[in-house]
Amino acid sequence: MSGKGGNKQGKKQGGSKGGKQHELAITTRAEDYPKWYQDVVRFGELAEPAKVVKGCMVIRPHGYAIWEKIQRDLDARFKNTGHRNAYFPLLVPQSFIMKEAEHIEGFAPELAVVTHAGGQELEEPYVIRPTSETIIGHFFAKWIDSHRDLPLKINQWANVMRWELRTRMFLRTTEFLWQEGHTAHATHEEAIEETLQMLHVYGDFAEEVLAVPVTRGIKTASERFAGALETYCIEAWMQDGKALQAGTSHDLGQNFGKAFDVKFQNEAGDLEHVWQTSWGVSTRLIGGLVMTHSDDDGLVLPPRVAPIHAAIIPIFRKAHEKERVMEAAERLKEQLSAIDIAPERARYRDFLEVVIDDRDMRPGAKFYDWERRGVPMRIELGPKDLDKGQVCMKMRVDTPACSGKQFLPEAEFLGSVRQRLLDYQDALLAAAKARRAANTVTLDTWEEFEATFAGDESKFAWCHWDGTAETEAAIKDKTKVTIRCVPLEGQGPAAEPGTCIFSGKPSKQRVLMAKAY
RNA sequence: CGGGAUGUGGCGCAGUGGCAGCGCACCGGUUUUGGAAACCGGGGAUCGCCGGUUCGAAUCCGGUCAUCCCGACCA
């Protein structure tokens with residue numbers, strides 16, 4: 001039951017001392033949290049730094065399969081809310097970026113620019129899109145004439161590039177994959193409604209599919225998207241206490257409508273600029289997924305995004321046993337593969353992905369291998385089980401409902417697999433919520449605040465703030481703590497007046513403060 | 001972009017001027033197989049890259065590139 005074998009102590013002594021150390025052991029969180037994250041991503045075979053291209057990563061098949069599952073579910077949610085997919089060019093004329101003053105100011109430092117092509121210098125350079133508001137604004141202007149063309153609700157799955165100074169796999173890479181929704185509406189009210197609707201699509205998705213609890217809120221002016229009136233966000237709590245902005249939804253007002261002259265004739269016959277929104281989530285979600293659930297044994301994946309749901313490890317000694325066990329394993333795999341764990345009303349099916357690990361390795365070695373890959377369910381199948389008509393299974397992480405190895409009659413096991421995976425999904429969310437709750441505090445004095453955020457420490461802290469950018473900047477300057485968001489109703493403590501934790505001035509409500517990625 | 005660290009086989013490391021090594025992984029074989037198997041045999045690195053010093057450079061010098069950490073910057 002100490003399901004950990006010997007990978008805790010004898011690891012990585014370095015050098016040629018011999019012995020039984022496991023070089024492939026994962027650094028523990030307590031030892032070195034950033035190194036742990038790197039190890040989990042690498043040993044879990046999610047991704048690796050490209051190296052030959054600065055700041056970029058290679059997403060490996062196991063990691064990309066997670067992205068595909070994220071895409072599948074989100075895409076269905078977008079379609080369910082009336083959006084259609086389209087695709088716009090990777091290259092954007094440099095002049096486009098310049099058209100919205102705040103936008104250019106926000107993005108200029110991180111642009112990659114194409115100046116030469118076809119062996120010649122270009123007349124006008126192209127920018128590699130850091131986001132597509134501008135080029136989409138250009139086309140919206142062509143497509144929209146009348147209020148009958150509205151609302152226009154488009155989504156794009158794409159890659160974007162931002163020349164970041166400091167990169168970390170999934171969390172911040174120079175090139176990343178994402179989805180960007182862009183909509184145009186006849187009224188501001190409708191645009192705000194859309195912005196909030198998509199924020200909640202993200203929030204629901206994060207919790208239901210990724211099992212990542214998030215706080216829905218509004219960004220302060222300093223954290224707002226360049227060119228937006230208001231930026232809404234979902235913030236996730238990571239195991240080192242820091243916050244991760246996991247998704248954003250922007251009310252763009254008429255800023256881009258004016259910059260790109262996107263006008264429509266309303267019912268009264270007057271010309272008006274459209275009201276726009278944009279919203280996006282990226283491969284960063286995978287980084288958040290890793291830092292929410294994974295442990296010192298490696299990756300932990302919720303079933304709804306796990307590329308492989310169950311690994312069957314055949315166990316045998318003699319040739320005739322092998323034949324018998326493999327046959328049974330194939331049969332079991334076939335039955336499991338017919339089970340569908342897609343959510344109710346989903347637009348897709350989600351049949352279990354099952355592998356039989358027939359590699360020539362010791363069973364124990366295989367256990368470790370699948371654990372590092374985060375596979376939710378492990379099935380050990382040996383002669384003893386076949387004799388008894390039972391299945392031996394174990395979940396990657398112990399939950400209140402299922403801990404350690406379980407020995408179940410085959411029929412009972414098969415009948416319960418779907419529910420077990422769904423329960424496991426729920427248990428991961430519950431565990432993540434519990435960890436977050438245990439690391440969320442309400443602070444009222446600056447002394448408490450400084451103690452909470454001393455050194456590298458971070459928690460989620462609900463504090464009063466006087467609402468000024470000066471105070472926000474001063475707090476960040478002193479402690480590296482930022483205001484992650486002003487919570488939407490029900491997402492934090494009920495609004496009650498108080499005094500700012502830093503300035504002592506009056507405050508209307510508490511905001512979420514934490515160090516951030 | 002600044003400060004620091006590091007770059008030697010797939011991974012982890014040793015080697016500080018004189019034949020490029022070790023552990024794990026990998027390949028072949030035999031025995032094994034319910035929590036990281038054992039033995040035998042074998043393959044694989046122009047020591048990140050470029051230049052310099054030297055009879056001779058993984059090692060010294062200069063430059064450059066990349067990664068990691070910290071900072072600045074950042075939907």
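A, B, ... follow the sequence lines: proteins, then strands. Residue 1 opens every chain.
For the P atoms, the distance from B:rC22 to B:rG43 is 13 Å, rounded to whole Å. B:rG7 and B:rG56 have their P atoms separated by 26 Å, given to the nearest Å. When the C1' atom is used for both B:rG18 and B:rC60, the distance is 15 Å, rounded to whole Å. Between the C1' atoms of B:rG21 and B:rA45, the separation comes to 11 Å (whole Å). One P atom belongs to B:rA5, the other to B:rG62, and the distance between them is 14 Å to the nearest Å. Between the P atoms of B:rC27 and B:rC65, the separation comes to 38 Å (whole Å). Taking atom P on both B:rA58 and B:rU16, the two are 13 Å apart, rounded to the nearest angstrom. For the C1' atoms, the distance from B:rU67 to B:rC49 is 15 Å, rounded to whole Å.
At a threshold of 4.0 angstrom between heavy atoms, the contacts of A:Lys384 include nucleobase atoms, whether or not backbone atoms are also involved. Contact annotation for A:Gly382: base contact, defined as any heavy-atom pair under 4.0 Å involving a base atom. Residue A:Tyr33 is classed as having no contact, given no heavy-atom separation below 4.0 Å to the nucleic acid. When heavy atoms are screened at a 4.0 angstrom cut-off, A:Cys233 is found touching no nucleic acid atom at all. Residue A:Gly227 is classed as having no contact, given no heavy-atom separation below 4.0 Å to the nucleic acid. Counting non-hydrogen atoms under 4.0 angstrom, A:Asp32 reaches nothing in the nucleic acid. Nucleic acid contact class of A:Thr248 (heavy atoms, under 4.0 Å, all strands): base. Residue A:Ser278 is out of contact with every strand shown, counting any heavy-atom pair closer than 4.0 Å. Using a 4.0 Å heavy-atom criterion, one finds that A:Pro314 contacts no nucleic acid atom at all. Here A:Pro34 lies in heavy-atom contact (under 4.0 Å) with sugar-phosphate atoms only.
A cation-pi geometry, defined here as NZ or CZ lying under 6.0 Å from the six-membered ring centre and within 45° of its normal, holds between A:Arg378 and A:Phe367.
Closest to the side chain of A:Arg172, from the set B:rU67, B:rG34, B:rC74, is B:rC74. Among the nucleotides B:rG34, B:rC74, B:rA72, the one closest to any side-chain atom of A:Leu165 is B:rA72. Residue A:Arg362 has its side chain nearest to B:rU32 when only B:rG35, B:rC68, B:rU32 are considered. Listed nucleotides: B:rG35, B:rU33, B:rA36. Nearest to the side chain of A:Arg372: B:rA36. Distance from the side chain of A:Arg168 is smallest to B:rC69 among B:rC69, B:rG35, B:rG71. Each of B:rG35, B:rC69, B:rA36 was ranked by its minimum atom distance to the side chain of A:Ala365; first place goes to B:rA36.
Helical stems in RNA chain B, defined as runs of 3 or more consecutive Watson-Crick or G-U wobble pairs with donor-acceptor distances under 3.5 Å: B:1-7 with B:65-71, B:10-13 with B:21-24, B:26-31 with B:37-42, B:48-52 with B:60-64.
A donor-acceptor pair under 3.5 Å is formed between the side chain of A:Ser294 and the backbone N or O of A:Val300.
Residue A:Arg42 contributes atom CZ, which lies 15 Å from atom P of B:rU67 at whole-angstrom precision. For A:Lys51 and B:rC68, the NZ to C1' distance is 9 Å, given to the nearest whole Å. A:Asp369 places its CG atom 13 Å from the P atom of B:rA25, with the value rounded to the nearest Å. Taking atom CG on A:Leu111 and atom P on B:rC73, their separation rounds to 18 Å, with Å as the unit. Straight-line distance from the CD atom of A:Gln245 to the C1' atom of B:rC74: 10 Å, rounded to whole Å. B:rG34 atom P lies 18 Å from atom CD1 of A:Ile312, rounded to whole Å. One can place CE of A:Met57 at 17 Å from C1' of B:rA66, the figure rounded to the nearest angstrom. Here B:rC74 presents its P atom at 10 Å from CD of A:Glu105, a figure rounded to the nearest Å.
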Identify each donor-acceptor pair in which a side-chain atom of residues 382-390 of chain A lies under 3.5 Å from a protein atom, sequence neighbours left out, and give them as a table.
from	atom 1	to	atom 2	distance (Å)
A:Asp385	OD1	A:Gln390	NE2	2.9
A:Asp385	OD2	A:Gly382	N	2.9
A:Asp387	OD1	A:Arg324	NH1	3.3
A:Asp387	OD1	A:Arg324	NH2	2.7

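The 12-atom threshold is not exceeded at NZ of A:Lys322, counting heavy atoms of other residues, nucleotides or ligands nearer than 6.0 Å.
Looking at A:Lys318 and A:Glu323, their side chains never come closer than 4.5 Å, going by heavy atoms from C-beta outward. Contact check for A:His103 versus A:Thr134: side-chain heavy atoms found under the 4.5 Å cut-off.
Centroid-to-centroid, the aromatic rings of A:His188 and A:Trp275 come within less than 6.0 Å. For A:Tyr232 and A:His250, the ring centers sit 6.0 Å or farther from each other. Taking the six-membered ring for Trp and the full ring otherwise, the centers of A:Phe96 and A:Phe260 sit less than 6.0 Å from each other. Annotation: A:Phe225 is not in aromatic contact with A:Trp279 [ring centroid separation under 6.0 Å not met].
If you check distances only, the side chain of A:Arg378 does reach the base of B:rG35 with a donor-acceptor pair under 3.5 Å. In terms of polar N and O atoms assigned as donor or acceptor, the side chain of A:Glu380 never comes within less than 3.5 Å of the base of B:rG35 in a complementary pairing.
For the side chain to side chain contact (heavy atoms under 4.5 Å, CB included) with A:Phe43, the qualifying choice from A:Leu299, A:Asp297, A:Asp369, A:Ile26 is A:Ile26, the only one to do so.
Annotated as anti: B:rU33, whose O4'-C1'-N torsion sits more than 90° from 0.
Residue ring and nucleobase are not stacked for A:Phe367 and B:rG35 under a centre distance beneath 5.5 angstrom and an angle between planes beneath 30°.
Both A:Lys480 and A:Lys318 sit near RNA chain B, but only A:Lys318 has its closest nucleotide nearer the 5' end. Each of A:Gly364 and A:Asp477 lies near RNA chain B, and the nucleotide nearest A:Gly364 is the one positioned closer to the 5' end.
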